[in-house]
Each structure stands twice: as structure tokens, then as C-alpha cells.
**Q** 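Can you keep this structure in mind? I'll have questions shortly.
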2 protein chains.
Amino acid sequence: MFSKATEYALRATIFIAQKGTEEKKLSIEEIAKAIDSPKSFTAKILQALTKDNHIISSVRGPNGGFYLTEKSKQLPVRIILQAMGDEEVLEKCVLGLKQCSELQPCPMHSQYKSIRKQLKELFVTKSIKQFASEIKDGVIFINNS
Amino acid sequence: MFSKATEYALRATIFIAQKGTEEKKLSIEEIAKAIDSPKSFTAKILQALTKDNHIISSVRGPNGGFYLTEKSKQLPVRIILQAMGDEEVLEKCVLGLKQCSELQPCPMHSQYKSIRKQLKELFVTKSIKQFASEIKDGVIFINNS
DNA sequence: ATAAATAAAGACAAAACTATCTTTAATTAT
DNA sequence: ATAATTAAAGATAGTTTTGTCTTTATTTAT
């Protein structure tokens, strides 16, 4: 569905939203361990979400790390797909046809369109915060081991 | 959602099922043109679907080409994903977590599982033939131009 | 001021994916 | 038999994705 990079971005952002605060920031070390992702690769991804897109906040130096502002937590999860350049799946024809539409439907269009709509709905209407608050120790997990 | 190779495989197979017969086989030339895919790359894909998986039938030489047997047309479209090694999306956690399940759900699990179920249902319950017969000239399209 | 800790930035490399081109084998028509 | 046609097979190459490592910049604590 999504690239590895996008999977890591979603996991990391939801994790940071849940565990990080401006007072207690999370290091890339902690984050990568928690979500089971390669550290340096994840660092690159968080950099992008920080620098270009201002979804995540970061501070360098001792006691530095990553956290999300309350405002960022309220963004739809779609914002992460957008930042990662990986939101095509929310719009695209399942057969990859450029001109597939209601007027020129592909053979799978009528069956697939409702699935795509629900997928888009999920990423557009739900906020980062909503998924972050799903995590309750011992009930919902975000780690991978 | 799927790789380019899988998109071409789905388009080609549905197209061949609709237009090809044992009497009037389709050449790789015709197929690639019709579904707007790179010819040699598509040849490789059809080779795989022919040789290893016996989903498509082929004959070499003059008036040779590709077609589907009636039996093949009745296979679920999932068989194409399987042959292409690209059916992971029907089963996988949206966040890419290995152990995500009802017992150890990821933060998106409860919202996403019904979407994944519908997607799987689509590929498991619908046959190649069903999508092939969706194509009616001027109403349903499979070309890309 | 200096040292330590941490993210940012950049260079590099391995693997996977997409694509092309050439040669070979099989089949048919003459 | 021979020539023509078509898929099969194999070699190669470009691009993207995934990942690592090193150096630099910033911040904090002493």
C-alpha cells in the first residue's frame, strides 16, 4: 500500500504524538527502537517531516529530540502521506490507468471505487491525535517485535 | 497499491481474456499497444504468467500469440497478484507491522481492517472473466491513452 | 569557554524495480 | 526444406527505494 518510508513516517509520527512532549522530547534512538525502523533512514524521514513540512518539531543538543505541537496533532493523517509524496493510492485507478473515471471507467472501477473512497475518508477525517490516543499500553501496539 | 508490473499484468490478462481466443490469438505488439505498456517489459510479465503459472496460454510462430482458456478465465483475479508476488496488500498491516492482529492491533487496525477485507473480497470472489466482460466498447475502457 | 549530546546534512552503497535490446527457439506457410 | 513470424530467454542498463556512515551545526550543562 505505502512505501517503507511512508510506513516509518506514519509509525514514527503517531508514536511521537503519543509519547513525546515539549518537556520530554524523544530521541531518534528511542523512536527507531520503539517502532522497529532503521535509525539513520528514520532520521532522514523525520528531518523531512520537520524541515519542509513542519508536522514534527525538533530541537538539537542535549535533551533535544522530537515532539508534536497540539496543533500538529490535530492534522489529518493524510498530511503525512502528502509530505512523503505517497498519497497517490487515495486517488489512483487500481489498474494504473490515467484516464479512468466515471466517464471512462476501467473494468474494475465500479467495484473498486467504494474501497478507495473509504481509504481516503480514513486518512482525511482522522487526525494524528486520534490514532495516537488509540495506543494504550498492553492493548494497542506500535512496536514491531 | 500495486507495482507497475502487477498493473500491467492485470490489464494485460483482462484484455487478453476479453479479446483473445484460441483461434485469434493476440500478439505482444497488440497487447502492449492496447493497454499502453512497454512492450518488452510486458513480454517478460506475460512469459511469467504463461510459463510458471499457466494463467495465460501462448503459441509461438506465425499466427501465434496469447489467449486464455475458459478455465483460466474463471480463476479469481487474485491469481494474478499471487503470480506476480504482489498480494501482500491483501493481508498486510497498513503501518507495516509484522505482528499486527486482533490480539495486538496497531493504532489504525480497527479502522482499516474492514477496508482490507473488502479489498481481499474483491480479488478473491471476482474472476478474470467477470472483469473482462465489463469491457464493452465505448463504455468500459482498458487502454490508457 | 569547553565538552557533551543531539539533530541536520551530505556522501555513498546496496537492492529492487522498471525497462530495453539482442539472440534463440518454435511454429507456420510456401 | 526454406523463409517468415512470433514468443522465449538472456544480457544489460537506468532509476528509484532503502539503507548506512561520516561530518557539521546547534544546544545545553558544567
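Side chains included, hydrogens not; waters and symmetry mates left out as well; all remaining heavy atoms used. A, B, ... follow the sequence lines: proteins, then strands. Residue 1 opens every chain.
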**Q** Under the rule for side-chain contact (heavy atoms from CB on, under 4.5 Å), what residues qualify as partners of A:Glu87, not counting sequence neighbours?
**A**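 Partners of A:Glu87 by the side-chain contact (heavy atoms from CB on, under 4.5 Å) criterion, ordered by chain and then number, come out as A:Arg78, A:Leu81, A:Gln82, A:Leu90.
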**Q** B:Ile55 vs B:Ile128, test: side-chain contact (heavy atoms from CB on, under 4.5 Å). Steps then yes/no.
**A** CA-CA 10 Å; B:Ile55 297 166; B:Ile128 294 166; 4.2 Å; yes
**Q** Once you apply a heavy-atom cut-off of 4.0 Å, does B:Leu26 come out as touching a base, just sugar-phosphate, or nothing?
**A**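 Touches sugar-phosphate only.
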**Q** Distance check needed: C:dA16 P versus A:Phe41 CZ, whole Å only.
**A**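 In whole Å, C:dA16 P lies 14 Å from A:Phe41 CZ.
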**Q** Under 3.5 Å between N/O atoms: give me all the protein pairs with nucleotides 8-10 of chain C, atom names plus distance.
**A**
{"from": "C:dA8", "atom 1": "OP1", "to": "A:Ser58", "atom 2": "OG", "distance (Å)": "2.7"}
{"from": "C:dA8", "atom 1": "O4'", "to": "A:Arg60", "atom 2": "NH1", "distance (Å)": "2.8"}
{"from": "C:dA9", "atom 1": "N7", "to": "A:Gln47", "atom 2": "NE2", "distance (Å)": "3.4"}
{"from": "C:dG10", "atom 1": "N7", "to": "A:Lys44", "atom 2": "NZ", "distance (Å)": "3.0"}
{"from": "C:dG10", "atom 1": "O6", "to": "A:Lys44", "atom 2": "NZ", "distance (Å)": "2.7"}

**Q** So what does B:Ser27 touch, heavy atoms closer than 4.0 Å: a base, only the sugar-phosphate, or nothing?
**A**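 Counting heavy atoms under 4.0 Å across all strands, the contact made by B:Ser27 is with sugar-phosphate only.
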**Q** Just by distance, do the side chain of B:Lys25 and the backbone of B:Glu22 share a donor-acceptor pair under 3.5 Å?
**A**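 Yes.
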**Q** Write down the distance between CD1 (A:Ile16) and P (C:dA7), rounded to a whole number of angstrom.
**A**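 So the two atoms are 10 Å apart, to the nearest Å.
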**Q** Give, ordered by number, those residues of residues 1-8 of chain B having at least one heavy-atom distance below 4.0 Å to an atom of DNA chain C; if nothing qualifies, reply none.
**A**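 Hits under 4.0 Å, by residue number: B:Ser3, B:Lys4, B:Ala5, B:Tyr8.
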**Q** Checking B:Glu29 now: which residues fulfil side-chain contact (heavy atoms from CB on, under 4.5 Å) with it, not counting sequence neighbours?
**A**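 Only B:Ser27, B:Lys39 meet the side-chain contact (heavy atoms from CB on, under 4.5 Å) criterion with B:Glu29.
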**Q** Taking the side chain from B:Arg11 and the backbone from B:Asp36, do they hold a donor-acceptor pair closer than 3.5 Å?
**A**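 Side chain of B:Arg11 to backbone of B:Asp36, a donor-acceptor pair under 3.5 Å: yes, one is there.
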**Q** Okay, side chain of A:Thr13, backbone of A:Leu10: is any donor-acceptor separation there less than 3.5 Å?
**A**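 Here the side-chain-to-backbone pair does not exist.
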**Q** Walk along DNA chain D from 5' to 3' and tell me the first and last nucleotide with an atom closer than 4.0 Å to a non-hydrogen atom of chain A.
**A**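 Footprint of chain A along DNA chain D, 5' to 3': D:dT18 to D:dA29.
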**Q** Could you state the CE-P distance from B:Met84 to C:dA16, rounded to the nearest angstrom?
**A**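 My rounded result for the distance is 16 Å.
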**Q** Verify whether one side chain among A:His109 and A:Glu102 offers a donor that lies under 3.5 Å from an acceptor in the other.
**A**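 On atom types as modelled, these side chains qualify, holding a pair under 3.5 Å.
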**Q** Between C:dA29 and B:Asn63, is there an OP1 or OP2 to side-chain N/O distance shorter than 4.0 Å?
**A**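 B:Asn63 to C:dA29 OP1/OP2: side-chain N or O found under 4.0 Å.
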**Q** How far does CG of A:Leu119 sit from CD of A:Glu91, to the nearest 0.5 angstrom?
**A**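 Reported value, rounded in 0.5 Å steps: 10.0 Å.
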**Q** For B:Leu122 and A:Gln111, work out which heavy atoms get closest and say how close.
**A**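 It is CD1-CB, 3.4 Å.
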**Q** Can you check the A:Lys24 NZ to C:dA5 P distance for me, whole Å?
**A**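 Taking NZ of A:Lys24 and P of C:dA5, I get 17 Å after rounding.
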**Q** Nearest heavy atom decides the nucleotide; on that basis, is A:Ser40 or A:Pro62 closer to the 5' end of DNA chain D?
**A**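 Closer to the 5' end of DNA chain D: A:Ser40.
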**Q** Take atom NZ of A:Lys39 and atom P of C:dA5, then tell me their distance rounded to the nearest Å.
**A**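 Spelled out: NZ on A:Lys39 to P on C:dA5 is 14 Å.
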**Q** What residues form a side-chain contact (heavy atoms from CB on, under 4.5 Å) with A:Lys92, not counting sequence neighbours?
**A**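 Counting only residues at least two positions away or on another chain, A:Lys92 forms a side-chain contact (heavy atoms from CB on, under 4.5 Å) with A:Glu88, B:Glu7.
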**Q** Is it true that B:Tyr112 and A:Phe2 have ring centroids separated by less than 6.0 Å?
**A**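 So the answer is no for these two rings.
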